[in-house]
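All values below were derived from every heavy atom in this structure, side-chain atoms included, with hydrogens, water molecules and symmetry-related copies excluded. Given the structure is predicted, the values throughout are model-derived calculations rather than measurements. Every chain is numbered from 1, with letters handed out A, B, ... down the list of sequences.
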Amino acid sequence: KAGVTQTPRYLIKTRGQQVTLSCSPISGHRSVSWYQQTPGQGLQFLFEYFSETQRNKGNFPGRFSGRQFSNSRSEMNVSTLELGDSALYLCASSLGADNTGELFFGEGSRLTVL
Amino acid sequence: GQSLEQPSEVTAVEGAIVQINCTYQTSGFYGLSWYQQHDGGAPTFLSYNALDGLEETGRFSSFLSRSDSYGYLLLQELQMKDSASYFCAVRGGSSASKIIFGSGTRLSIRP
């Protein structure tokens with residue numbers, strides 16, 4: 001069974017632009033979470049979606065937004081990019097039954113902001 | 001809010017045993033997970049503890065003490081391929097579906 005797929009894998013943007021990242025979860029998984037990873041900062045929680053509804057949100061500014069579609073695919077958007085937004089953005093899926101801590105991660109989208 | 005603390009770096013010798021500790025603070029607690037991430041790779045799930053005690057999976061074991069808000073990951077018979085970053089993650093806070101990660105422990109294995 002296919003794993004979590006994230007596109008694009010790499011992208012370069014300039015300050016002020018916006019970016020949209022896509023995540024296709026494992027078939028049958030209804031929960032999608034997004035994390036930002038920077039060196040030394042671990043994985044910072046962005047948001048979590050389940051059945052097209054945002055269930056949880058991390059402490060990021062409103063420039064960061066997301067959504068989930070009826071097929072469980074998810075997108076996240078960052079507007080008015082800043083240099084500090086350069087990071088690896090990881091998407092993780094799970095069944096969403098909340099009875100285990102197991103997340104399945106994609107390879108990530110590496111964003112560089114110049 | 002939620003926070004987790006774990007050592008930033010640990011060095012061990014091939015064939016030895018190493019323990020990576022994790023302490024957490026959260027208003028609501030459902031479980032503690034451990035993930036491994038090799039350089040350039042995606043995090044992969046190792047273990048999950050919802051109840052106190054030790055869970056063993058091959059060379060890896062994970063322990064949880066809810067009363068101490070503490071857990072650890074124990075790696076035995078270390079191999080060079082175990083060189084990676086290890087993250088503890090807590091499921092809890094305001095929602096059972098929210099999983100927050102620590103900053104990670106970089107494990108280096110010496111021959």
Side-chain angles (χ1 to χ4, degrees), chain A residues 2-7 9-10 23-26 29-51 53-60 66 68 74 87-110, chain B residues 1-9 20 22-24 26-51 55 57 60 62 64 66 71 73 84-106:
Chain A
V4 178
T5 304
Q6 291 189 246
T7 57
R9 291 291 313 280
Y10 302 91
C23 172
S24 293
I26 292 172
H29 284 192
R30 299 169 64 190
S31 172
V32 173
S33 300
W34 288 89
Y35 293 86
Q36 180 196 65
Q37 186 173 30
T38 53
Q41 293 298 311
L43 286 76
Q44 302 292 313
F45 176 79
L46 281 157
F47 20 66
E48 185 240 348
Y49 289 89
F50 179 82
S51 293
T53 300
Q54 186 182 87
R55 288 202 292 195
N56 294 289
K57 191 176 191 308
N59 297 322
F60 278 80
Q68 186 180 34
S74 177
L88 180 67
Y89 290 88
L90 291 162
C91 165
S93 76
S94 70
L95 289 169
D98 299 341
N99 59 355
T100 176
E102 184 167 10
L103 297 175
F104 296 82
F105 282 88
E107 295 292 327
S109 293
R110 185 166 295 282
Chain B
Q2 297 165 277
S3 65
L4 298 96
E5 283 194 23
Q6 54 182 128
S8 59
E9 292 184 24
I20 300 174
C22 174
T23 57
Y24 61 86
T26 180
S27 55
F29 177 82
Y30 295 91
L32 187 72
S33 307
W34 289 91
Y35 287 78
Q36 178 192 61
Q37 185 180 31
H38 287 99
D39 287 346
T44 56
F45 174 82
L46 292 175
S47 68
Y48 177 69
N49 295 67
L51 302 175
E55 295 280 344
T57 309
F60 293 2
S62 58
L64 174 66
R66 289 175 297 171
L73 178 70
S85 292
Y86 293 84
F87 295 88
C88 59
V90 66
R91 187 165 73 90
S94 58
S95 167
S97 61
K98 185 176 182 180
I99 297 179
I100 302 299
F101 284 74
S103 297
T105 298
R106 187 167 186 87

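At distances below 3.5 Å, not a single donor-acceptor pair connects side-chain atoms of Gln6(B) with backbone N or O atoms of Cys22(B). The backbone N or O of Phe29(B) sits nowhere less than 3.5 Å from a side-chain atom of Gln2(B) that would complete a donor-acceptor pair.
Contact of Gln44(A) with chain B is not made at all, since no heavy-atom distance falls under 4.5 Å. Interface residue Leu43(A): backbone and side-chain heavy atoms are both found under 4.5 Å from chain B. Only the side chain of Ser33(B) comes within contact range of chain A, with at least one heavy atom under 4.5 Å from a heavy atom of that chain. Residue Tyr35(A) touches chain B through its side chain alone, counting heavy-atom pairs closer than 4.5 Å.
Looking only at heavy-atom pairs under 4.5 Å with chain A, the residue among Phe87(B), Phe45(B), Trp34(B) that has the most is Phe45(B).
More than 12 heavy-atom neighbours from other residues, nucleotides or ligands sit within 6.0 angstrom of CD on Gln54(A).
Residues Trp34(A) and Cys23(A) are in side-chain contact: their nearest non-hydrogen atoms beyond the backbone lie under 4.5 Å apart. Side-chain contact between Leu32(B) and Leu4(B): present, with at least one pair of heavy atoms (C-beta onward) separated by less than 4.5 Å.
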